Structures are given as C-alpha cells and as structure tokens.
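Everything below concerns the one structure shown next.
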2 protein chains.
Amino acid sequence: MKNNEALEQFITHMQTINRHLRSKVFDQQPDSLTRVQWLLLRHLNRNGTRTIGQLAVHLDVRPSTMSQMIDRLEKSKLVYRESSQPDARVKNVALTEEGKDLIKRTEALWMEALNDSFDQFTKQEQSELISYMERLTVQLNKNMRN
Amino acid sequence: MKNNEALEQFITHMQTINRHLRSKVFDQQPDSLTRVQWLLLRHLNRNGTRTIGQLAVHLDVRPSTMSQMIDRLEKSKLVYRESSQPDARVKNVALTEEGKDLIKRTEALWMEALNDSFDQFTKQEQSELISYMERLTVQLNKNMRN
DNA sequence: TAGTATTATATAGCGTTACTAAATAGGCTG
DNA sequence: CAGCCTATTTAGTAACGCTATATAATACTA
C-alpha cells in the first residue's frame, strides 16, 4: 500500500467518523440547536468556563464569529457572559443551568451511540488508537506553529 | 482508564485532527473558496463525477443545500452539471478544467502537511490505525441504520 | 393502462455561520 | 504619557443549512 493511498484512506475515515460526531441525526434528539451550537455547549459543559477567545481558537473561527454565536446562545438563555479578572477586556462564557440541563439530556444518547462502536475494541486497542491519535495531534499542532 | 474517559479522549483528538483537515490556515493557500467548497471540490477530484444526491449524503446535508452549493460553484465555473441516464431526474456534477487545476494547485501543500504528521508512523502502524478507523466507520454506519 | 405514491432536484425564505472591517476599551512598553 | 498591541463587540456581506414547496421523472398497484 503506497503512502498516499494509506493517507487517503485515513483522511476518508476521519471525515466519515467526524460526520457522525457532528450529525444531529446521530443523536436523534429533536431540539432547536444547530450542530455547531450543540458542540459548543457540550465543550463548555465538559471543560468549564472559557473566554470568547479560547472558544474561537477551539473551533478555529474568528473571535468576532464566536462573539456573535455567544450572543445567540445568550439570547436563548443557554450561556451567560461575565467579566473576568485580572484583564477587564476578557469575557468568560459559562453554561446556564438550562444549558447544562439541555446538554445532559441530549448527550447521553450521543455518547451511548459512540460507545456502541468504541466498545468493539479491547482496552489495549483503545489505548493504542488513542495513542496514535495523540501522536498525530501533537505533530499536527507542531506543524501549525511553523 | 475508565471507558468514558477513553472515549472522551478519542472524541477530543478526532475533533482536533478534523479541524486541521478543514482548516484553510492549514494549507495556507490564499483563494476565494470556502472550506466546505474546497472539500467538496477535492472530493470530486478524487472520486470523479457524483450526483447531487450522492454529494449531499457524503457531506450529510440536504439535497437542496447541495443543489444551491453547486449553483455557486457553477457560477464560479469550477463545476458543471450534466444530465444523467437512465434516470432523467438525476444530475451529475463534475469538475471543470479550471476546478481541476485549482485543486491540483492547492492540494499538494495540504497533503504534504498531513503527510509530515502521518509519516511518523511505521507502515505497520499506519495499517493498524487505518484498520481501527475502518472498524469504527463500519460500526458507526451500522448504528445509523438502526 | 390509469392513478397514485415515491423520488431527484430545484427554488425561495429564513436563521445561522464565518469572514472582513472598523470601533472601543484595556493592557503594555519605552 | 503616547503609541502600539490585544480582547471583544458591532455591522455588513456571502455562504451554509434547514424547511417548505414545486416540478418532472420513475415506480408501483389495481
């Protein structure tokens, strides 16, 4: 198998799996959130309060984009902004109780479906897979710095 | 490592790596294409002519969305539609020469950057990683059918 | 074969995403 | 303190993505 072919297969699988991660069909939950909003809320739920800038970096969008996304989520009462210290320019974003409830309600089915597939691997296989991906992540992030 | 934690790490890495796959920063090419347009064009370049419906399934969007995306790419003279047989309703989409040129010009750097990271693995590791992802893909697609 | 149901795509409308440009306020440095 | 940089906001615009609807083509059934 030539290298280009291996890489191409990898890319294809990556894109396929990621579509599952993003798919609203996947979790089969009827709600009014967009895919991106859902992912953003989940990220906040898992990782806690984040600044606008951090969230923008995380999703690889401009801070202005993130600010406007947070506007809409604030309007929906799913997140709130609060000022931060020691830098008064920074705004932290956190989930409201309503936001937390929503994620909890909708995440379980999503996780379960992913787990159904992930569970086919042994513990060792899981570790190995994660190790590969971590190595890739590290290297890709390095390349981004160059 | 608890199962939920392993899965969470996997998800995080997946999302990080995929952001690289999608990032226009990643390929550092100045052009007027959006990320989604670029991915779509590349898909056509690699896989040849596809129907609107097929493309919609591939990107997990509605056919109407895809039709309008193709409208814009047709307007830019990067793709063209042509009727298909034996079903007269079906429209095939193919790259123009201009579209092909553009992808060729922009893809090399993108592939090279990915390869820089992928190359850290031995051939055996690559095969193993791809095998894991294939197993995941198959299982996830099965779950979608249920 | 006629009528009905289903399917592939197109079109329009609307909210969201994502970018750029510009602005404001805060922080840092010489 | 002035100038420069930074974090976020606001506005404008094109693209994305959905729903609703329409049209034409195909498939199915009595």
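Keep in mind that the numbers below use all heavy atoms, side chains included, and drop hydrogens, waters and symmetry copies. Since we're looking at a predicted model, the values are computed, not measured. Each chain gets a letter, A, B and so on, in the order its sequence line appears, and its residues count up from 1.
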| task | Please list, chain by chain and in numerical order, all residues satisfying ring-ring contact (aromatic ring centres under 6.0 Å, His included) with B:H13, sequence neighbours excluded. | result | none

| message | If you take any heavy atom closer than 4.0 Å to DNA chain C, which residues from residues 39-49 of chain B end up in contact? | response | none

| message | Among residues at least two apart in sequence or on other chains, which ones pass side chain to side chain donor-acceptor pair (under 3.5 Å) with B:T65? | response | none

| All side chain to side chain donor-acceptor pair (under 3.5 Å) counterparts of A:E107, not counting sequence neighbours | A:R42

Length of the [atom1]-[atom2] vector between [X] and [N], whole Å:
X: A:R62; N: D:dT6; atom1: CZ; atom2: C1'; answer: 15 Å
X: A:W38; N: D:dG17; atom1: CH2; atom2: C1'; answer: 19 Å
X: A:R22; N: D:dG17; atom1: CZ; atom2: C1'; answer: 11 Å
X: A:L59; N: D:dC16; atom1: CG; atom2: P; answer: 18 Å
X: A:R19; N: D:dG17; atom1: CZ; atom2: P; answer: 12 Å

Nearest 0.5 Å please: distance from the [atom1] atom of [X] over to the [atom2] atom of [Y].
X: B:N92; Y: B:S84; atom1: CG; atom2: OG; result: 4.5 Å
X: A:L59; Y: B:R19; atom1: CG; atom2: CZ; result: 6.0 Å
X: B:N141; Y: A:T16; atom1: CG; atom2: OG1; result: 7.0 Å

| said: Counting primed atoms plus P, OP1 and OP2 as sugar-phosphate and everything else as base, spell out the protein contacts along nucleotides 7-13 of chain D at 4.0 Å heavy-atom distance: B, S or - for each nucleotide, 5' to 3'. | reply: SBBBBB-

| note | Sorted by chain and residue number, the salt bridge (Lys or Arg N to Asp or Glu O under 4.0 Å) partners of B:E74 (sequence neighbours excluded) come out as B:R81

| Sequence-distant partners of B:K77, salt bridge (Lys or Arg N to Asp or Glu O under 4.0 Å), two or more places apart |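 B:K77 satisfies salt bridge (Lys or Arg N to Asp or Glu O under 4.0 Å) with no other residue.
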
| Considering all heavy atoms of both residues, which atom of B:A6 and which atom of A:I130 are nearest to each other, and what is their separation? |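 The pair with the smallest heavy-atom distance is O-CD1, 3.3 Å.
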
| field | Smallest separation among heavy atoms of B:L33 and B:L73, with atom names | value |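 Nearest pair, atom of B:L33 first, then B:L73: CD2-CD2, 4.3 Å.
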
| message | By the salt bridge (Lys or Arg N to Asp or Glu O under 4.0 Å) test, which pairs, at least two apart or in different chains, include something from residues 108-117 of chain B? | response |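 Those involving residues 108-117 of chain B do not exist here.
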
| message | Please list all pairs meeting ring-ring contact (aromatic ring centres under 6.0 Å, His included) that have one or both residues in residues 58-103 of chain B, counting only residues at least two apart or in different chains. | response |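 For residues 58-103 of chain B: B:H43-B:H58.
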
| request: Please report how far the helix from C:dT1-D:dA30 to C:dG30-D:dC1 bends, comparing the axis fitted to its first five pairs with the axis fitted to its last five, to the nearest 10 degrees. | output: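 Computed from the C1' atoms at both ends, the axes differ by 30°.
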
| query | What are the bounds, 5' to 3', of the part of DNA chain C that sits under 4.0 Å from heavy atoms of chain B? | reply | C:dT7 to C:dC19

| request: Report the residue (A:P86 or A:Q37) whose heavy-atom-nearest nucleotide on DNA chain C is the more 5′ of the two. | output: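 Result: A:Q37.
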
| request: With sequence neighbours excluded, tell me which residues meet side chain to side chain contact (heavy atoms under 4.5 Å, CB included) with B:T122. | output: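 B:T122: side chain to side chain contact (heavy atoms under 4.5 Å, CB included) contacts with B:Q124, B:E125.
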
| query | Quick one: is D:dC16 close enough that its OP1 or OP2 comes under 4.0 Å of any side-chain N or O from A:R35? | reply |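 Checking D:dC16 against A:R35, no side-chain N or O comes under 4.0 Å of OP1 or OP2.
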
